[in-house]
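Notes for the one structure printed next.
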There are 2 protein chains.
Amino acid sequence: MTISDSENRRNKLIRAAASLFHEKGYAATTVRDIARAVGLQSGSLFYHFRNKEEILVAVMQNGMRRTSEAAAAALDGLSDPSERLRALFRAHLETLLGDLQDDMIVLLYEQRSLPIEARGELVKLRDEYEQVWQQVISDAVDAGVVRGDPGVVRRFSLGALNWTVQWYRKDGPLSPTDLADEFLNTITI
Amino acid sequence: MTISDSENRRNKLIRAAASLFHEKGYAATTVRDIARAVGLQSGSLFYHFRNKEEILVAVMQNGMRRTSEAAAAALDGLSDPSERLRALFRAHLETLLGDLQDDMIVLLYEQRSLPIEARGELVKLRDEYEQVWQQVISDAVDAGVVRGDPGVVRRFSLGALNWTVQWYRKDGPLSPTDLADEFLNTITI
DNA sequence: CCTACCGATCGGTAGG
DNA sequence: CCTACCGATCGGTAGG
């Protein structure tokens, strides 16, 4: 089956690119690096992607989609505001810090590498995700679980969680789930 | 005075580089970009710096030093744990989000662009700064102002503040000082 | 998907 | 600090 073979190769390239973009950054990663990581010649990469930027977009879309799906799954069936808040915090950190999950990190830290014209679809996905956060936090504030302006609390919370990428080590004492609970412990009333 | 003229030129280059590194990233900024920003030929830049990396180090050291000094000045004379916590939060956000202050942002967001061998002095400065934070937060926890493990609270707090770079707009409704207070309002008991 | 290659640009240097 | 330049490497393409 040629189609699925080609799809497989394309996915391998996207995953290899995510890892390299995370490690060295987008600008410092060459198309030769990416091709070599999956055993291709550099020219062959352009059979799968029109240009380097298209690879970045694919990586970021994977990350955003994965994260949104994890959040939706975690919230599914929950109605208590406090439980929903906890589930969302956990899901976010788990998708961000889990294994082989560089794509979301690339989305977060390579915004400036993507020209504004190329952000269309991504902005939409991101807005939807932030809407989910806004709702969950807003409900938590209304229920008296946390204190503050929901928009500001949302930004600070996502910031604190997203920044864990800078210091979190898998061999440390706390799991992503533990960390989410620790943060909740600090901000809940 | 030739020495101070040369110092001036060097400082102008560092400031221009900080702005460009912030805007486009270190790898995507060329030495020609930096030279052009202060009206030099690209070759002349290497009269002031041995190589591109040395410029990055200079930018980051400026940022770290500025931030440490602002924190020390803000804490000077304060002894109440709650007041010290507030002063530290405000000082950090004000130096991070103020005008023409790209150097600290570059320090925070370009870590991976600097080879480990070149980090020596920077790591020392950063450790000292984090020690200040650790102490202030630890005292605040002991005084019952915030809740949680001091190391984790420190990391989450700095993360939340550092991430404001991603979304803060100067023409928005909140000043850096307001933002610091908002965050404190959410995490203090 | 490979081979062979391109024009452009990169960080950096020599010599004044 | 400029001029003139270098070797290396970059993203991307044509032709099979």
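Just so we're on the same page: letters track the sequence lines, and every chain starts at 1.
- A salt bridge links A/R36 with A/D33: the closest approach of a Lys/Arg side-chain nitrogen to an acidic carboxylate oxygen falls below 4.0 angstrom.
- Note on A/R154 versus A/E130: salt bridge recorded, some NZ/NE/NH1/NH2 to OD/OE distance being below 4.0 Å.
- Within 4.0 Å (heavy atoms only), A/L40 reaches sugar-phosphate atoms of the nucleic acid but no base atom.
- Using cut-offs of 30° and 60° for the angle between ring planes, the B/W133 and B/F89 rings count as tilted.
- With sequence neighbours left out, B/Q41 forms a side chain to side chain contact (heavy atoms under 4.5 Å, CB included) with B/S44.
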TODO: Determine, stepwise, if the pair A/Q131 / A/D127 fulfils side chain to side chain donor-acceptor pair (under 3.5 Å).
DONE: CA-CA 6 Å; A/Q131 263 310 306; A/D127 284 350; over 6 Å; no
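- Salt-bridge annotation for A/R15 and A/D103: absent, with no side-chain N of the basic residue lying under 4.0 Å from a carboxylate O of the acidic one.
- One finds a salt bridge joining A/R112 and B/E110 here, because a Lys/Arg side-chain nitrogen approaches an Asp/Glu carboxylate oxygen to under 4.0 Å.
- Residues B/R50 and B/E54 are paired through a salt bridge, judged by an N-O separation under 4.0 Å between the basic side chain and the carboxylate.
- Checking A/A28 against A/R50, the closest nucleotide of DNA chain D that is more toward the 5' end is the one next to A/A28.
- Heavy-atom nearest nucleotides on DNA chain C were determined for A/G39 and for A/R32, and the one closer to the 5' end corresponds to A/G39.
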Open item on the list: Let me check I have this right: for DNA chain D, each base becomes ., (, ), [, ] or |, based on Watson-Crick or G-U pairs with both distances under 3.5 Å. What is the full string?
Closed with: ||||||||||||||||
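- Contact footprint of chain A on DNA chain D: nucleotides with an atom under 4.0 Å from a non-hydrogen protein atom, first to last in 5' to 3' order, D/dC10 to D/dT13.
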